[in-house]
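Below you'll find the structure, written out as structure tokens, and then a few comments.
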Amino acid sequence: MEKDWLEETKELLITLTQIPAPTGKEKARADFIEIYLLQKGILGRRDTAGNLIYEIKGERPEYALFTAHLDTVFDDEVIRVEEKPAECASGNNRTGRILCAPGIGDDTSNVVLLIKLLEAMHMRKEKPQQSILIAFDVGEEGLGNLKGIRQLCQDYASQLAEVIAVDLQYHTIYIKAAGSIRLRAEITTEGGHSYKEFGNANAIAEAAELISRIYQIDVSEEAEKVTYNVGKIEGGTSVNTIAADCSFLVEVRSENEQLLQKYIKKVKNIILSAKKAKVTLTEIGNRPCNGAVPADRQRQLIDRAGKAIFEVTGKEAVCTDGSTDCNIPLSLGIPAVGFGGYEGGGAHTKQEWMNPDSLETGYRILCKFAEKYYSC
């Protein structure tokens, strides 16, 4: 692959990373991509969710959907990409240079690779064997609750033959959906002055007790993985005020729907058992587990992904479950896999980094995988 391609792709990655795209605020990044591709003669459209969509009609009308999510978990108004020696990255044993910035890997690197794949497909003269849908979708992270992929699966419904979520790195293939249920617990007490009303119920103390009890739930006896997490807590007024309100966010995850329901019920029962506070529980996210996916078609998709990765890297990818854009199609019985196109680390941290040279490897993997439709 030409050096100019890598330099151009690296420059595009830096530019795109420095356009903030927190969940729910992806428009500026989508606008940039739409203009960038329009200048190359590639026309897209937006749907009601805010996804940026490109269609390539093929010999068969059913679509293979490639999607990469625009949003990141960061609210930074100013993001700067830094180039550093590879030794600076935690867990990295490579030499050379790396790029560092929040969100540069997950999922901006894959958005850039999908842009490049779309450019290559656009240059082809012949129709692909199967129609292809390329989407830069919204709301994949956090409380986005998979908004973008939900809309895509709703709008295209029975037209989708398979879904490929271009996400994370190329060492792993996501083949099963880890479902999750997310709750906001709001705790309210009378509060008061810390000295004059000492002894009144404190919403923060009540919340802390409930959280402590949640973390006493034992999942070690289950045959399949179950996790829970309290990820954010807010409340109170000042150091000398007995807190009258406090809220926290909690989730339960599992690829097993029965276990998911079993443990979210345990969490709810604990929270609702508060005796000194008023409690309001709101479900703020629900990511489904696997549905009835045709086993043969799913296996073919997994094998294609594994073969593409092995042929390019010489290494076997690890197959696992996870919470990705695959959750929605898998829950609807549509074959889906997720894999990315870069090497890096520190995803979801301010210390996130990626190896820019890996973009070439990732692109070759995507092209190898897409050979079923036509080579790029």
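Note that the structure is a prediction, hence the values are computed from the model and not measured.
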- Message: Using the rule given for salt bridge (Lys or Arg N to Asp or Glu O under 4.0 Å), can you reason through R46 versus E34, listing the C-alpha separation, both sets of side-chain angles and the distance that settles it, and then say yes or no?
- Response: CA-CA 9 Å; R46 306 287 178 95; E34 186 170 23; 2.8 Å; yes
- Message: Is there a path of hydrophobic side-chain contacts, each under 4.5 Å between heavy atoms of I/L/V/M/F/W/Y residues, joining L152 to I115?
- Response: no
- Query: Which heavy-atom pair separates A207 from I187 by the least distance, and what is that distance?
  - Reply: CB-CG1, 4.1 Å
- Task: Determine, stepwise, if the pair K127 / E59 fulfils salt bridge (Lys or Arg N to Asp or Glu O under 4.0 Å).
- Result: CA-CA 7 Å; K127 279 186 176 183; E59 299 296 337; 5.3 Å; no
- When rounded to the nearest 0.5 Å, the distance separating OG1 of T188 from CG of D245 is 6.5 Å
- Message: Measuring from atom NZ of K268 to atom CD of E283, what distance do you get when rounded to the nearest 0.5 angstrom?
- Response: 6.0 Å
- Query: With distance as the sole criterion, is a donor-acceptor pair present between the side chains of E162 and Y63 under 3.5 Å?
  - Reply: no
- Verdict with supporting geometry, K262 and E222, salt bridge (Lys or Arg N to Asp or Glu O under 4.0 Å): CA-CA 11 Å; K262 173 182 175 180; E222 301 295 351; 2.8 Å; yes
- Step by step, work out the side-chain contact (heavy atoms from CB on, under 4.5 Å) result for I217 and V267. CA-CA 8 Å; I217 295 174; V267 168; 3.9 Å; yes
- Message: What I want to find out is whether K27 reaches D31 closely enough, with some N-O distance under 4.0 Å, to be called a salt bridge.
- Response: yes
- Task: List the atom of P356, the atom of K10, and the distance in Å for their closest heavy-atom pair.
- Result: CB-CD, 4.2 Å
- Message: For E141 and H348, which I'm curious about, is there any donor-acceptor pair between the side chains at under 3.5 Å?
- Response: yes
- Message: When you group the ILVMFWY residues by side-chain heavy-atom contacts below 4.5 Å and let the links chain together, are L12 and I42 in the same group?
- Response: yes
- Message: Could you measure the distance from the OG atom of S254 to the CG atom of L259? Nearest 0.5 Å is fine.
- Response: 4.5 Å
- Distance col, row L168:CG vs N110:CG, nearest 0.5 angstrom, shows 7.0 Å
- If you measure from CZ on R80 to CD1 on I14, what distance do you get to the nearest 0.5 Å? 12.0 Å
- Query: Going through the checks in order, is the side-chain contact (heavy atoms from CB on, under 4.5 Å) test met by V219 and Y228?
  - Reply: CA-CA 9 Å; V219 298; Y228 50 80; 4.0 Å; yes
- Query: Can you say whether the rings of W5 and Y363 are parallel (under 30°), tilted (30 to 60°) or perpendicular (over 60°)?
  - Reply: tilted
